[in-house]
Amino acid sequence: MSLSFEMPPGYRLEKFDNLDSTNEEAKRRAQTGAAAGLIISAQSQSAGKGRQGRTWISPSGGLYFSILLRPTCPAAKAAQLSFVSALAVGEGIATSLRVPERLCFKWPNDVLIGTRKVAGILLESGSGSKILEWLVVGIGINIESHPENMNYPATCLIHETGTACDPAQVLVNVVHAFDKWCRIWEGEGFEPLRVAWLDRARGLKTEIEVRLFEHSIRGVFQGLAPDGALRLEVPGEGERIIPAGDVYFPVQS
Ligand code: BTN
């Protein structure tokens, strides 16, 4: 296989040995006027951030990067970039896997191999009025190691492929796939992404638990609404449309 480290047109990469967080650096750049397409990567992060205020443990040997965007669409639509990102990560790593079919997605934007999380995505945005000024897509991929004792099972690419993976090549693959899915989304809307994501969704038509801010709900995962919200069939209540939350699957013996 021939290797190319070239970014797609419109993207430019700045690499750091260590940062507090690539999302924080991309946000600082956004606030001082950097153009869309800037990618900040770091070999390690001292204050890596996960979703919902969690920490993303970021030792060297992992892949940590953030893409700065300046979407011109409403914020609710820009949130669909989390699906663009999940599809891009999936496509970017699938070719390295011995069994690419094991790759799947957990709503809204975790990437799993089998039942274990291999990558996480954190979107952050800033707006002056109703229009977004900037949006940062932060992506963390476990390459050489993965955290233990989290509230979810994790894995890493080296464990899944049995061979070394070059983080620089994974980064380029993901950015190319990101650019491709962005164009599909801009040209054809969310539907092709919804279909592609559902094709690899974990737990479809099974019972799941969705944790919201103050409580959780159980129900059957019926799919995605046209905007990417989760459709949950709740016993005795009917279908609920859930715009944000954390999905948990029943513990399997
Ligand atoms: C999650 O909780 O699943 C999201 C994790 C996102 C981690 C990435 S690593 C690169 C970027 N910088 C951060 O501080 N977080 C994101």
Side-chain angles (χ1 to χ4, degrees), residues 8 10-11 22-23 26-27 30 35-39 49-52 65-94 103-112 117-141 173-204 208 210-213 221-232 239-247:
Y11 294 86
T22 58
N23 266 32
K27 282 159 65 177
L38 176 64
I39 301 171
K49 301 190 303 176
R51 289 180 65 236
Q52 310 210 342
F65 67 99
S66 302
I67 308 173
L68 170 61
L69 302 170
R70 294 196 181 271
T72 51
C73 59
K77 178 150 176 65
Q80 293 171 357
L81 282 159
S82 66
F83 292 90
V84 169
S85 311
L87 287 163
V89 171
E91 196 167 308
I93 66 175
L103 189 126
C104 55
F105 300 121
K106 178 166 92 73
W107 188 85
N109 53 14
D110 283 350
V111 182
L112 314 182
K117 178 163 167 170
V118 70
I121 294 161
L122 174 67
L123 263 59
E124 296 185 271
S125 60
S127 56
S129 56
K130 282 183 189 159
I131 300 291
L132 286 183
E133 279 179 4
W134 53 264
L135 184 142
V136 169
V137 174
I139 296 176
I141 303 179
N173 292 350
V174 172
V175 175
H176 276 273
F178 183 87
D179 184 50
K180 182 193 101 174
W181 282 107
C182 252
R183 285 168 196 279
I184 294 173
W185 178 61
E186 283 162 359
E188 301 170 42
F190 184 61
E191 187 57 16
L193 284 75
R194 199 180 75 89
V195 170
W197 190 93
L198 281 172
D199 192 44
R200 286 187 178 269
R202 181 169 175 220
L204 199 57
I208 61 171
V210 186
R211 295 191 193 157
L212 308 175
F213 285 110
F221 174 24
Q222 294 291 5
L224 296 181
D227 63 354
L230 183 136
R231 293 173 45 217
L232 191 71
E239 185 166 292
R240 278 185 66 169
I241 302 292
I242 301 178
D246 258 344
V247 166

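Side chains are part of it too, since the values below use all heavy atoms of this structure and drop only hydrogens, waters and symmetry mates.
W134 is listed as a side-chain neighbour of V136, based on a closest heavy-atom distance under 4.5 Å. In this structure the side chain of F221 never reaches within 4.5 angstrom of the side chain of V210, judged on heavy atoms. At a threshold of 4.5 Å between non-hydrogen side-chain atoms, the residues F65 and V174 count as touching. For the pair L230 and P108, the minimum side-chain heavy-atom distance is 4.5 Å or more. Side-chain contact between C73 and W185 is present, with at least one heavy-atom pair separated by less than 4.5 Å. Under the 4.5 Å side-chain criterion, counting only non-hydrogen atoms from C-beta, R231 is in contact with I241.
Proximity of a side-chain donor or acceptor of R202 to a complementary backbone N or O of C104 within less than 3.5 Å is not detected. Judged by distance alone, the side chain of K106 and the main-chain N or O of L112 form no donor-acceptor pair under 3.5 Å. Here the side chain of R51 pairs no donor or acceptor atom with the backbone of N109 at under 3.5 angstrom. Formation of a donor-acceptor pair under 3.5 Å by the W107 side chain with backbone atoms of G228 is found in this model. Counting only distance, with no hydrogens or angles, the side chain of R200 and the backbone of L103 share a donor-acceptor pair below 3.5 Å. Using modelled atom types, one side-chain atom of S66 and one backbone atom of N23 make a donor-acceptor pair closer than 3.5 Å.
Residues A119 and V89 come closest through the heavy atom pair CB-CG1, 3.8 Å. The two residues G203 and I208 make their nearest non-hydrogen contact at O-CG2, 4.3 Å. For the residue pair L132 and S127, the shortest heavy atom distance occurs at CA-CB, 3.9 Å. Taking all atoms of both residues into account, the shortest heavy-atom contact from S85 to L123 is OG-CD1, 4.4 Å. For the pair V111 and A86, the tightest heavy-atom approach, listed with the atom from each and the gap, is CG2-O, 3.9 Å. Nearest heavy atom pair, residue C182 against residue V84, reads N-CG1, 3.8 Å.
By the side-chain contact (heavy atoms from CB on, under 4.5 Å) test, E91 is found to be paired with A177, K180, W181, residues two or more places apart in sequence or in another chain being considered. Here R211 pairs with E209, S216, D246, Y248 under the side-chain contact (heavy atoms from CB on, under 4.5 Å) rule; sequence neighbours left out.
For the pair R183 and E186, the salt-bridge criterion is not met [side-chain N within less than 4.0 Å of a carboxylate O]. Of the charged side-chain nitrogens involved, at least one lies within less than 4.0 Å of a carboxylate oxygen, so that E124 and K27 count as a salt-bridged pair.
To the nearest 0.5 Å, atom CD1 of residue I67 and atom CD1 of residue I39 are 5.0 Å apart. Expressed to the nearest 0.5 Å, how far CG of D110 lies from CD1 of I121 amounts to 7.5 Å. Residue W197 holds its CH2 atom at 6.0 Å from CZ of F83, rounded to the nearest 0.5 Å. Here the CG-CD distance, from L122 to Q52, works out to 10.0 Å after rounding to the nearest 0.5 Å. For the atom pair CD of E191 and CD1 of I184, the computed distance is 13.0 Å after rounding to the nearest 0.5 Å. Atom CG of L87 and atom CZ of R194 lie 12.5 Å apart (nearest 0.5 Å).
Ring geometry, F178 versus Y11: the interplanar angle exceeds 60°, so the pair is classed perpendicular (tilted spans 30 to 60°).
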> Do I93 and V118 pass the side chain to side chain contact (heavy atoms under 4.5 Å, CB included) test, and can you show the C-alpha distance, the side-chain angles, and the key distance before you say yes or no?
Replying inline: CA-CA 10 Å; I93 66 175; V118 70; 3.7 Å; yes
